[in-house]
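Working notes for the structure below.
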Amino acid sequence: MKMNNWYKLICNKYDLQLVGTLNGGQSFRWKKYMEDDNEQWIGVFNKRVWILQQHENEILYKVFESNERKNIYKENEDFNKVYNDMLIDYFQLQLNLGEHYKQWSASDPIFAKAAKQFYGIRILKQDVTENIFSFICSSNNNISRITSMVNKIADFYGEKICEIDGQTYYSFPDVDVLSHDDVEAKLRENGFGYRAKYINESAKLIMNQGGQTWLESLKKMEYVDAKASLMTLMGIGAKVADCICLMSLGHLGALPVDTHVYQIAMKFYMPHLSKKKTVTNKIYNEIGDHFRELYGPLAGWAHTILFCADLKKFQEET
DNA sequence: CGGAAGCCTTGTAA
DNA sequence: ATTACAAGGCTTC
């Protein structure tokens with residue numbers, strides 16, 4: 001195995017907290033492990049494998065990419081800059097998070113309390129395709145199985161990037177690969193259950209509307225229109241659509257209401273909901289609107305911090 | 001039309 | 001060994 005360099009990105013840990021951001025249920029492709037007494041994260045985005053280390057004032061990292069991909073670079077490429085820019089984009093570091101934390105804390109004491117421990121939580125700007133199919137897998141499912149399903153999709157249909165310590169890493173495939181007729185059967189054989197059909201059908205629906213071009217167009221739409229468009233796909237309801245809007249389309253006001261968020265809303269913010277049986281569409285929107293009014297246009301980002309605080313209490317292991 | 005309930009796969013914890 | 005249920009969605013009534 002080649003000895004890749006360590007690169008450096010200047011970034012305070014209060015501006016980006018890796019554990020909360022990478023382990024908070026946004027992406028299912030990051031894994032934490034120990035290396036020489038350092039906590040390291042390994043994961044895939046942008047068709048590259050990344051190893052990240054959090055330090056007080058910087059992120060140290062390595063990048064691995066396939067040999068074919070290396071041809072895209074110039075003779076004297078400044079890799080540290082190229083890769084830094086990718087990380088800045090992925091973690092949305094151009095956004096001044098501290099200012100927003102201040103504002104959200106001022107409008108909500110419950111947030112202020114959660115923010116003390118859950119500082120530096122960022123919304124990742126994820127690949128739309130990976131995000132869509134990951135969250136189709138997430139419905140009525142648990143994190144460990146979702147993780148294994150997402151990794152299976154990459155293993156089966158993605159392109160090999162590299163091998164590290166005997167483990168082969170693959171990129172997440174493009175939509176057209178998932179639209180082929182044999183995909184549903186293959187996924188079903190591999191324990192995807194009824195979601196195998198959702199994945200294959202949604203991939204076909206996306207391709208019929210223009211594939212990647214259509215996906216990109218969702219970013220330019222208004223939030224409500226992008227959400228409605230996503231909900232025409234199979235296996236995507238309001239909650240999953242909001243996850244996608246928030247995590248890969250740049251619609252930061254999108255606020256996914258899952259069972260946890262519903263519990264939080266009921267308990268601390270909207271007690272009148274406690275007599276309700278189910279989360280109807282009306283209640284769903286009511287909760288979203290409540291938080292959008294409370295936190296403003298980046299409400300989805302703010303809510304993610306509350307979500308992390310709640311998730312944390314039954315996720316101590318790993 | 002809005003709301004409630006049953007069903008859908010699989011793995012795992014109790 | 002059985003049962004409940006987990007980051008929901010779809011269909012039916």
Side-chain angles (χ1 to χ4, degrees), chain A residues 20-30 118 121 123-124 126 130-153 156 183-206 227-248 254-267 272-289 291 299-318:
Chain A
T21 301
L22 299 179
N23 208 23
Q26 295 185 57
S27 167
F28 300 95
R29 301 210 74 197
W30 289 96
F118 298 93
I121 306 291
I123 298 293
L124 301 170
Q126 297 191 64
E130 176 172 334
N131 198 215
I132 286 177
F133 294 100
S134 296
F135 279 85
I136 285 177
C137 293
S138 77
S139 69
N140 192 30
N141 207 349
N142 57 69
I143 292 177
S144 74
R145 186 152 80 114
I146 300 165
T147 302
S148 93
M149 288 164 78
V150 172
N151 285 310
K152 275 181 191 171
I153 294 176
F156 295 160
V183 169
E184 178 180 345
K186 167 112 174 168
L187 294 181
R188 221 166 233 286
E189 283 167 25
N190 283 277
F192 278 62
Y194 58 88
R195 300 180 193 84
K197 183 180 180 180
Y198 292 170
I199 289 166
N200 197 201
E201 284 300 315
S202 285
K204 288 178 183 177
L205 287 166
I206 292 170
K227 178 173 176 180
S229 298
L230 286 169
M231 287 174 69
T232 64
L233 302 178
M234 191 169 288
I236 300 186
K239 188 268 174 180
V240 169
D242 273 331
C243 286
I244 298 161
C245 282
L246 174 65
M247 300 175 192
S248 61
L255 199 144
V257 179
D258 64 8
T259 62
H260 302 294
V261 175
Y262 179 61
Q263 295 302 321
I264 295 169
M266 203 162 68
K267 204 163 158 189
H272 66 282
L273 294 179
S274 53
K275 55 179 184 289
K276 301 292 182 183
K277 279 282 182 202
T278 53
V279 182
T280 62
N281 217 288
K282 188 179 162 196
I283 294 175
Y284 186 102
N285 290 324
E286 204 180 318
I287 294 172
D289 290 339
F291 284 114
W301 195 312
H303 116 291
T304 301
I305 289 132
L306 286 184
F307 180 78
C308 280
D310 188 70
L311 196 64
K312 184 72 177 177
K313 63 183 187 231
F314 58 94
Q315 211 201 341
E316 294 295 82
E317 18 60 269
T318 64

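Chain naming here is simple, since letters A, B, ... match the order of the sequence lines and numbering starts at 1 in each. Only this structure's heavy atoms are used, side chains among them; waters, hydrogens and symmetry mates stay out.
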**Message:** How many whole angstroms separate atom CG of A:Asn190 from atom P of B:dT10?
**Reply:** 11 Å
**Asked** Nearest-Å distance, CD1 (A:Ile136) to C1' (C:dC10)?
**Response** 13 Å
**Complete:** Between CZ of A:Phe192 and P of C:dG8 the distance, given in whole Å, is 18 Å
**Prompt:** Checking A:Arg29 side chain against A:Thr147 main chain: does a donor-acceptor pair fall under 3.5 Å?
**Reply:** no
**Message:** Can you list, in residue-number order, the parts of residues 194-201 of chain A that come under 4.0 Å of DNA chain B, counting heavy atoms only?
**Reply:** A:Tyr194, A:Arg195
**Steps toward ring pair (Phe, Tyr, Trp, His ring centres under 6.0 Å) verdict (A:Phe307, A:Phe118)** = CA-CA 10 Å; A:Phe307 180 78; A:Phe118 298 93; over 10 Å; no
**Prompt:** Considering only the C1' atoms, how many Å lie between B:dT12 and C:dG9, rounded to the nearest integer?
**Reply:** 22 Å
**Asked** Would A:Lys152 count as a cation-pi partner of A:Phe192, with NZ or CZ less than 6.0 Å from the six-membered ring centre and within 45° of the ring normal?
**Response** no
**Asked** A:Asp242 CG to C:dG9 C1': how many Å, rounded?
**Response** 14 Å
**Prompt:** Starting at the 5' end of DNA chain C and moving along, which residue's nearest nucleotide shows up first, A:Asp258 or A:Met234?
**Reply:** A:Asp258
**Asked** How far, in whole Å, is B:dT9 from C:dA1 if one measures between their P atoms?
**Response** 25 Å
**Request:** Drop me the distance from A:Asp258's CG to A:Ser139's OG, to the nearest 0.5 angstrom.
**Result:** 12.0 Å
**Message:** I need the CZ-C1' distance between A:Phe307 and C:dA6, as an integer number of Å.
**Reply:** 12 Å
**Prompt:** So, is A:Thr278 near the phosphate of B:dA4, with a side-chain N or O under 4.0 Å from OP1 or OP2?
**Reply:** yes
**Message:** Rounded at 0.5 Å granularity, tell me how far CD1 in A:Ile287 sits from NZ in A:Lys282.
**Reply:** 12.5 Å
**Prompt:** What is the nucleic acid contact for A:Asn142, judged by heavy atoms within less than 4.0 Å: base, sugar-phosphate only, or nothing?
**Reply:** base
**Item:** Integer-rounded Å distance: C:dA6 P and A:Lys239 NZ
**Value:** 14 Å
**Message:** Is it the case that the side chain of A:Gln126 and the backbone of A:Gln26 share a donor-acceptor pair, with hydrogens and angles ignored and the cut-off at 3.5 Å?
**Reply:** yes
**Asked** DNA chain C: A:Met231 or A:Ser138, which has the more 5' nearest nucleotide?
**Response** A:Ser138
**Prompt:** Which one, B:dG11, B:dA4, C:dA7, comes nearest to the side chain of A:His260?
**Reply:** C:dA7
**Request:** Can you check whether any acceptor in the base of B:dT9 is under 3.5 Å from a donor in the side chain of A:Asn140, or vice versa?
**Result:** yes
**Asked** With sugar-phosphate meaning primed atoms plus P, OP1 and OP2, does A:Ile146 contact a base, only sugar-phosphate, or nothing at under 4.0 Å between heavy atoms?
**Response** nothing
**Complete:** Checking N1-N3 plus N6-O4 or O6-N4 for Watson-Crick, or N1-O2 and O6-N3 for wobble, each under 3.5 Å, the partner of C:dA7 is none
**Request:** Using a 4.0 Å heavy-atom cut-off across all strands, classify A:Phe28 as base, sugar-phosphate, or nothing.
**Result:** base
**Fill in**
Rounded to whole Å, CG of A:Asp310 lies from P of C:dA6 at a distance of 13 Å
**Prompt:** When we call it a touch if two heavy atoms are under 4.0 Å apart, what does A:Leu187 touch: a base, just sugar-phosphate, or nothing?
**Reply:** nothing
**Request:** Please check the phosphate of B:dT9 (OP1 and OP2 only) for any side-chain N or O of A:Arg188 closer than 4.0 Å.
**Result:** yes
**Request:** Under the side chain to side chain donor-acceptor pair (under 3.5 Å) rule, what do A:Asp242 and A:Tyr284 come out as? Steps first, then yes or no, please.
**Result:** CA-CA 11 Å; A:Asp242 273 331; A:Tyr284 186 102; 2.7 Å; yes
**Request:** Taking atom C1' in both B:dA4 and C:dA7, compute the distance separating them and give it to the nearest angstrom.
**Result:** 22 Å
**Request:** Among B:dA4, C:dA7, B:dG11, find the nucleotide with the atom closest to the side chain of A:Thr259.
**Result:** C:dA7
**Asked** Taking the C1' atom of each, how far is C:dC10 from B:dG11, in whole Å?
**Response** 22 Å
**Complete:** Among the nucleotides C:dG8, B:dG3, C:dA7, whichever has the atom closest to the side chain of A:Lys282 is B:dG3
**Complete:** Given the 90°-from-0 boundary between syn and anti, B:dA4 should be labelled anti
**Prompt:** If we call it a pair only when both distances are under 3.5 Å in a Watson-Crick or G-U wobble match, what pairs with B:dT9?
**Reply:** none
**Asked** So which heavy atom on A:Leu187 is nearest to which on A:Phe156, and how close?
**Response** CD2-CD1, 4.2 Å
**Message:** Please report the distance, rounded to the nearest Å, between CG in A:Asn281 and P in C:dG8.
**Reply:** 16 Å
**Asked** How close do A:Ser138 and A:Val240 get, heavy atom to heavy atom, and via which atoms?
**Response** OG-CG2, 4.3 Å
